[in-house]
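To start, the structure itself, in structure tokens.
Since the model is a prediction, treat every value here as computed from it, not as a measurement.
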Amino acid sequence: MRPVRREADSTAAWEIARPSRATALPGVDMAGFRIGGDSPTELRAIPHPAVTVAVEFGDRSFDVHGETGRTRLKSLAAGLAFSAFQVRADGVECVQIRLSPLAAHHVLGFPLGELRGRVVALDDLWGRDTSRLRERLHHARTWPERFALIDTELFPRLQAGRPVDPEVAWAWRRIVASRGRARVSDLTARTGWSRQRMWSRFGSQIGLTPKRAAMLVRFDHAVHRLVRGHTPARVAADGGYADQSHLHHDVRAFTGTTPAAAANEPWLTADDTAWPAHGGAA
């Protein structure tokens, strides 16, 4: 594994590290970030079909500015489909973890419906374990050591957490495999559940309704294609959107900006390096 620097773009001052091999923990993916430069970096955090956990270990903090105001967090957890928010990062060093909602349900120890659309301090979820983990990451010398520490922290949580209903897990996997184009009514019928039961159980355990989850997964594939230079017309046609205005509506709903502006966001620019599979945790 080697740190990667992107040149001639908005993430040129970032050091991005990836594990040399996939973690053995199901539904878990991670990357390391060290953001340097002569001035603070302003980012727009954009939703992804995974729960995002960021553990800062360089004695700095994230300055988060969202719908509920501004707050400073040493480490954070963001639920599925949070509203896009601004992050001001000044010399931050962190490990970012992406958790499939099936894994996050275990790791966080409570239904994801309680984290729906929210960004919270990781200390509120893990208590003193968060500060102990930050200290161990700070003293680790290399990125592989830090990734191993994250594995060690998450393994017992995955073993002890609450399981997701098999029907809910199956429906989520079908939504991901279809890139958000699966018909929710067909998924519900195949589980043998009523629509009301599927909406209730899926919403409680995944953190979104099945329809919103499909919308998020479809958006994620679409916005990454925009970042890679595909035209909005082609992305809309290939991605299952009714037309280009439908794509525009969904991009604005999740990012607060236009498709053209979203394609140049540093948060998404870094994804091709930090998450080459675009969210393997999903």
Side-chain angles (χ1 to χ4, degrees), residues 4 6-14 16 29 31 33 35 41-52 54 64-67 78-89 96 98 100-101 116-119 172 175-184 206-282:
V4 180
R6 297 175 65 97
E7 299 301 334
D9 63 28
S10 54
T11 63
W14 297 22
I16 304 174
D29 200 2
F33 294 86
I35 303 176
T41 300
E42 298 282 349
L43 306 171
R44 187 197 309 267
I46 293 172
H48 178 81
V51 172
T52 300
V64 177
H65 187 200
E67 292 181 345
L80 291 177
F82 55 79
S83 297
F85 60 89
Q86 293 294 129
V87 180
R88 191 171 189 266
Q96 184 180 330
R98 282 183 173 173
S100 158
R116 180 182 292 121
R118 298 171 58 203
V119 179
W172 168 257
I175 289 171
V176 171
S178 70
R179 298 189 173 184
R181 301 179 67 174
R183 292 177 58 87
V184 175
I206 300 299
L208 299 172
T209 66
K211 182 177 180 179
R212 184 72 173 175
M215 181 180 173
L216 175 61
V217 170
R218 183 176 58 192
F219 154 78
D220 182 66
H221 284 280
V223 78
H224 281 101
R225 288 195 63 190
L226 292 172
V227 170
R228 293 195 294 273
H230 296 265
T231 66
R234 172 52 60 190
V235 172
D238 293 346
Y241 291 92
D243 51 32
Q244 195 169 327
S245 64
H246 184 196
L247 169 67
H248 190 286
H249 174 274
D250 278 15
V251 171
R252 183 168 288 279
F254 284 113
T255 70
T257 189
T258 65
N264 291 312
E265 290 286 351
W267 184 273
L268 291 170
T269 301
D271 265 19
D272 283 336
T273 300
W275 317 100
H278 295 310

- Query: With a 4.5 Å limit on heavy-atom distance, are the side chains of P101 and L80 in contact?
  - Reply: yes

- Query: Checking side chain to side chain contact (heavy atoms under 4.5 Å, CB included) against I46, which of T255, D271, T257 comes through?
  - Reply: T255

- Is there a side-chain contact between D238 and R225 (heavy atoms, below 4.5 Å)? yes

- Item | Heavy-atom pair with the smallest gap, counting every atom of I175 and P210 | CD1-O, 3.9 Å

- Any chance CZ of R116 has more than 12 other-residue heavy atoms, nucleotides or ligands included, within less than 6.0 Å? yes

- Item | Minimum side-chain heavy-atom gap W267-H48 below 4.5 Å | no

- Before giving the answer on side chain to side chain contact (heavy atoms under 4.5 Å, CB included), spell out for R218 and Y241 the whole-Å C-alpha distance, their side-chain angles and the decisive distance to 0.1 Å. CA-CA 9 Å; R218 183 176 58 192; Y241 291 92; 3.6 Å; yes

- Message: Set out, in order, the CA-CA distance, both residues' side-chain angles and the distance that settles side chain to side chain contact (heavy atoms under 4.5 Å, CB included) for R252 and T258, then state yes or no.
- Response: CA-CA 6 Å; R252 183 168 288 279; T258 65; 3.1 Å; yes

- Query: Do you know which two heavy atoms are closest between A274 and F33, and how far apart they sit?
  - Reply: CB-CZ, 3.6 Å

- Item | Residue pair P49 / W172: nearest heavy atoms and the distance that separates them | O-CZ2, 3.7 Å

- Item | H249 atom NE2, neighbour heavy-atom count above 12 within 6.0 Å | no

- Item | Residue pair P47 / L216: nearest heavy atoms and the distance that separates them | CB-CD1, 4.0 Å

